[in-house]
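What follows is a short report on a single structure.
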Amino acid sequence: MPELPEVETIANGLNKRVAGDAIESVWVGSKPEPLKSSASEIARALEGSRIDRVQRVGKHIVFSLTGKDSQPSEFIVHLGMTGRMLVASPDAEVPPHTHLTAQLRSEKELRFVDPRRFGRLEVRQTKFAGPGTEPTNISVEAFAELFHRSKAPIKAALLNLKFLHGVGNIYADESLIRAGVRPRRRANTLTSAELKKLHTAVQKVLQEAIRAGGSSISDYVDADGEKGFFQFRHRAYGREGKPCLKCKTPIKKIVVGGRGTHYCPKCQK
DNA sequence: ATACCGACCTGTCAGC
DNA sequence: TGCTGACAGGTCGGTA
């Protein structure tokens with residue numbers, strides 16, 4: 001569900017609302033699935049610590065903490081497909097599939113809700129860097145270097161975390177239609193001109209989406225419960241059978257790398 | 001080494 | 001109305 005722009009929107013919203021606050025107590029649900037660290041480890045790291053700031057790294061939300069022992073640590077949240085990290089009033093009804101709640105000194109409550117349980121929670125003492133390169137500020141040279149040897153379809157390569165972390169299914173499709181490149185093209189067959197166009201497209205799509213507050217598909221909302229607006233600017237994703245905004249050719253939907261993939265058969269070569 | 005594919009979960013929606 | 005199957009924004013591990 002959430003890709004880079006959504007996670008960025010959520011992380012910024014959380015930063016505004018809980019940075020400087022302190023965590024007084026933590027409840028972690030009994031189902032172990034969403035945890036990478038153990039429940040007791042998470043509770044121990046969070047309880048009594050101060051939230052210094054919240055930021056995005058890849059598709060992860062990173063809470064920088066100072067513990068009651070004054071030691072720094074990080075609380076890493078991955079939202080998976082359906083995860084939400086909400087700031088709620090403690091007397092607001094606790095939604096189903098809530099796996100963690102953290103009571104804050106300000107009387108607010110931080111809640112992690114994830115029906116599908118693909119999300120992950122982790123605490124660590126070392127700095128979290130993410131698995132790949134940030135797509136938002138990679139140079140065109142580094143971008144080309146990343147892809148020019150891969151034989152995977154370019155769509156699959158864009159989704160590969162070891163290359164770029166943060167480009168998900170929606171923004172891969174949106175980048176490819178803007179760059180005019182077919183999703184099934186092997187990455188190593190892209191010309192340097194195409195790689196350059198794709199690099200520009202990825203950056204623009206992500207920037208625009210961040211400015212719009214992300215894409216709201218079904219139930220995505222940010223930390224304030226607000227929906228994003230980028231879905232109204234999608235040119236490919238979710239537009240199967242609808243006319244291409246440029247040439248009116250119906251958008252096609254296929255499967256690439258096991259993921260639903262949308263493209264314009266005329267504009268994308 | 002690389003690329004592909006199923007598995008992990010639950011909810012929703014289309015079709016019968 | 002109710003059942004079944006396909007599909008969903010992500011990632012990992014096994015297999016070819």
Side-chain angles (χ1 to χ4, degrees), chain A residues 1-11 29-36 56-61 76-85 95-99 112-122 128-133 135 146-177 183-189 202 205-206 208-210 212-223 227-241 253-262:
Chain A
M1 135 288 204
E3 302 181 33
L4 184 150
E6 292 76 37
V7 178
E8 171 112 4
T9 305
I10 293 163
S30 54
K31 294 248 179 87
E33 282 82 5
L35 311 178
K36 258 177 131 167
R56 175 195 65 77
V57 174
K59 288 176 205 163
H60 302 256
I61 302 169
I76 321 284
V77 177
H78 194 293
L79 298 173
M81 295 272 260
T82 51
R84 297 163 66 178
M85 186 54 91
H97 308 296
T98 298
H99 305 299
F112 177 67
V113 183
D114 183 13
R116 227 170 140 182
R117 287 190 278 143
F118 285 176
R120 291 292 176 264
L121 305 178
E122 182 184 8
F128 178 73
T133 307
L146 231 36
F147 292 109
H148 83 105
R149 262 190 302 269
S150 168
K151 282 187 240 163
I154 185 63
K155 160 84 186 254
L158 281 171
L159 294 179
N160 187 336
L161 294 180
K162 286 184 214 121
F163 293 152
L164 298 173
H165 56 211
V167 179
N169 204 34
I170 296 178
Y171 298 104
D173 283 3
E174 292 304 310
S175 301
L176 287 167
I177 196 170
R184 278 217 242 260
R185 284 272 302 282
R186 303 275 146 187
N188 63 358
T189 68
V202 168
V205 163
L206 293 176
E208 275 180 45
I210 289 168
S215 300
S216 285
I217 305 233
S218 71
D219 60 354
Y220 160 76
V221 286
D222 70 14
K227 286 177 178 272
F229 291 98
F230 192 71
Q231 66 276 19
F232 300 120
R233 289 200 234 151
H234 290 178
R235 296 183 196 175
Y237 187 85
R239 298 195 66 250
E240 181 185 10
K253 183 174 180 191
I254 57 176
V255 175
V256 181
R259 313 299 302 279
T261 296
H262 314 70

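First the proteins, then the strands, lettered A, B, ... as listed; each starts at 1.
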C:dT11 C1' sits how many Å from A:E122 CD, rounded?
14 Å
How is A:G258 classified with respect to the nucleic acid when contacts are heavy atoms under 4.0 Å: base, sugar-phosphate, or nothing?
nothing
Rounded distance in Å - CD1 (A:I170) to C1' (C:dA8):
10 Å
Can you tell me how far P of C:dT11 sits from CD of A:E3, to the nearest Å?
9 Å
Base of B:dC9, side chain of A:R116 - is there a donor-acceptor contact under 3.5 Å?
yes
Less than 4.0 angstrom between a side-chain N/O of A:K253 and OP1 or OP2 of C:dA6, yes or no?
no
Tell me whether the side-chain N/O atoms of A:H78 come closer than 4.0 Å to OP1 or OP2 in C:dG10.
no
Using the P atom as the reference point in each nucleotide, state the distance between B:dC9 and C:dC3 in Å, no decimals.
25 Å
Determine whether the aromatic ring centres of A:F230 and A:Y237 lie less than 6.0 Å apart.
no
Say whether, by atom type as modelled, one donor and one acceptor occur between the side chain of A:S150 and the main chain of A:F147 under 3.5 angstrom.
no
Annotated structure of DNA chain C as dot-bracket, pair cut-off 3.5 Å, Watson-Crick or G-U only, | for inter-strand, is .|||||||.|||||||
Nearest whole Å is fine: how far is B:dT2 P from A:H148 NE2?
12 Å
How close do A:K151 and A:R186 get, counting heavy atoms only, and between which atoms?
O-CD, 2.6 Å
Would the distance check show the side chain of A:R235 and the main-chain N or O of A:S175 forming a donor-acceptor pair, the cut-off being under 3.5 Å?
no
Ignoring backbone atoms, establish whether A:H97 has a side-chain N or O less than 4.0 Å from OP1 or OP2 of B:dC9.
no
Whole-Å gap separating P (C:dG9) and CZ (A:R120)
18 Å
On a whole-Å scale, what distance lies between the C1' atoms belonging to B:dA3 and C:dG9?
23 Å
Main chain of A:G58, side chain of A:R56: is a donor-acceptor contact present, judged purely on distance under 3.5 Å?
yes
Hey, is the side chain of A:K59 poking within less than 4.0 Å of OP1 or OP2 on C:dT11, counting only N and O atoms?
yes
Please state whether the phosphate of B:dC8, meaning OP1 or OP2, lies under 4.0 angstrom from any side-chain nitrogen or oxygen of A:R117.
no
Between NE2 of A:H262 and P of C:dC7 the distance, given in whole Å, is 11 Å
Under 4.0 Å, counting only non-hydrogen atoms across every strand here, what does A:K162 touch: a base, just sugar-phosphate, or nothing?
nothing
On the 0 to 90° scale, with breaks at 30° and 60°, tag the A:H99-A:F112 ring pair as parallel, tilted or perpendicular.
tilted
Which atom names give the shortest non-hydrogen contact between A:H262 and A:E240, and what distance separates them?
CD2-N, 4.4 Å
In whole Å, I'd like the distance from the CZ atom of A:R259 to the P atom of C:dC7.
13 Å
Which part of the nucleic acid, if any, lies within contact of A:L159, taking any heavy atom under 4.0 Å across all strands shown: a base, the sugar-phosphate backbone alone, or nothing?
nothing
Exam field: side chain A:E208 to backbone A:V205, donor-acceptor pair closer than 3.5 Å:
no
Strictly below 4.0 Å: does A:Y237 bring a side-chain N or O up to OP1 or OP2 of C:dG9?
yes
Any donor-acceptor pair under 3.5 Å linking the side chain of A:E3 with the backbone of A:K59?
no
Reckon A:R149 touches a base, only the sugar-phosphate, or nothing at all at heavy-atom distances under 4.0 Å?
nothing
Check the distance between B:dG11's P and A:R84's CZ and give it to me in whole angstrom.
13 Å
Centroid distance under 5.5 Å and plane angle under 30°, A:F118 vs B:dC8
yes
Considering just the side-chain nitrogens and oxygens of A:T82, establish if one lies under 4.0 Å of OP1 or OP2 belonging to C:dG9.
no
Counting heavy atoms from C-beta on, name the nucleotide in B:dA3, C:dC7, C:dG10 closest to the side chain of A:A152.
B:dA3
